[in-house]
Amino acid sequence: MAAADVRTPPLTSTSNPPLLFDGTTRLYISYTCPYAQRVWIARNYKGLQEKIELVAIDLQDRPVWYKEKVYPENKVPSLEHNGKVLGESLDLIKYVDANFEGPSLVPIDPAKREFGEQLISYIDALTKDVYASFKGDPVRQASASFDYLENALGKFDDGPFFLGQFSFVDVAYAPFVEKFDIVFSEVYKNDITTGRPKLAAYIEELDKIDAYKSTKIDPKEFAEVFKKRFLAQE
């Protein structure tokens, strides 16, 4: 098993760039960004810790060279590989799975693959609805989204994850489940797993996946990040 990543301080506007396009494969992330966390999990699950180097970026104080020389979109995640840079987290999950060795994130069963694509197609709407709830009554307004997760987790009974066994769907959803769980618990004093036993089991089982667990953020730290971003105007 590959060693856990040492979380080096994020690069800032005063940081020098790495030796760009020197043949090293690099994944640019932010430790707090759920989109970047997706690709970080995929990398870890496939055992690529020594083949894909992590480069953390400070999103509040980004290096100018990152936009100018690496990724013009100036977002994370991005992947520097074979002389090019790719972005968009869902695309990168598939890219890493298809272009690197390690256990596949896509199940063989066609029914599972089809349901997985349905879940992926809905994830942006679900996260948008939960984020929108923060402007109103979050516990009430986000309830339907968490019910959706509970129902989706009941589709297959051969494991605790969305497609039974851990897959690309969990890679895509887990960072948001983690952070919503933190926000509702720490900020709104609400347990999103109450009355949702499959969601409770899902979160518990996720924590047994080292590839995911090693990417988690400290709950108190993320709660403070959330408050500054979403509640500062209140």
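Between the side chains of W40 and D5, at least one donor N or O sits under 3.5 Å from an acceptor N or O. Residues S78 and Y66 have side chains that bring a donor and an acceptor to within less than 3.5 angstrom of each other. Side chains of E53 and T24: a donor-acceptor N/O pair is absent below 3.5 angstrom, by distance only. In this structure, a donor-acceptor pair under 3.5 Å is present between the side chains of D61 and S13.
Side-chain rings of Y45 and Y212 stay apart, their centers remaining 6.0 Å or farther from each other. Side-chain rings of F21 and H81 stay apart, their centers remaining 6.0 Å or farther from each other. Taking the six-membered ring for Trp and the full ring otherwise, the centers of F162 and Y202 sit less than 6.0 Å from each other. Outside the 6.0 Å centre-distance limit, the rings of Y71 and Y28 are not counted as a close aromatic pair.
Here E204 pairs with nothing under the salt bridge (charged side-chain N to carboxylate O under 4.0 Å, His left out) rule; sequence neighbours left out. Among residues two or more places apart in sequence or in another chain, the salt bridge (charged side-chain N to carboxylate O under 4.0 Å, His left out) test is passed with D191 by none.
K220 has a carboxylate O that lies under 4.0 Å from a charged side-chain N of E186, or vice versa, which qualifies the two as a salt bridge. The pair R196-E150 does not count as a salt bridge, with every side-chain nitrogen at least 4.0 angstrom from each carboxylate oxygen. One finds no salt bridge joining E73 and K67 here, because no Lys/Arg side-chain nitrogen approaches an Asp/Glu carboxylate oxygen to under 4.0 Å. Taking 4.0 Å as the cut-off between side-chain N and carboxylate O, D158 and K112 count as a salt-bridged pair.
A donor-acceptor pair under 3.5 Å is absent between the side-chain atoms of S167 and the main chain of L163, judged by distance alone. Between the side chain of S121 and the backbone N or O of Q118 there is at least one donor-acceptor pair closer than 3.5 Å.
Hydrophobic clustering of Ile, Leu, Val, Met, Phe, Trp and Tyr side chains at less than 4.5 Å, counting indirect connections, keeps Y35 apart from V76. In the hydrophobic clustering of ILVMFWY residues, with side-chain heavy atoms under 4.5 Å counting as a link, L86 and I57 come out apart.
Taking the six-membered ring for Trp and thresholds of 30 and 60 degrees, F146 and F184 have ring planes more than 60 degrees apart, a perpendicular arrangement.
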Worked verdict on F230 versus Y131 for ring pair (Phe, Tyr, Trp, His ring centres under 6.0 Å) = CA-CA 9 Å; F230 289 96; Y131 281 119; 5.6 Å; yes
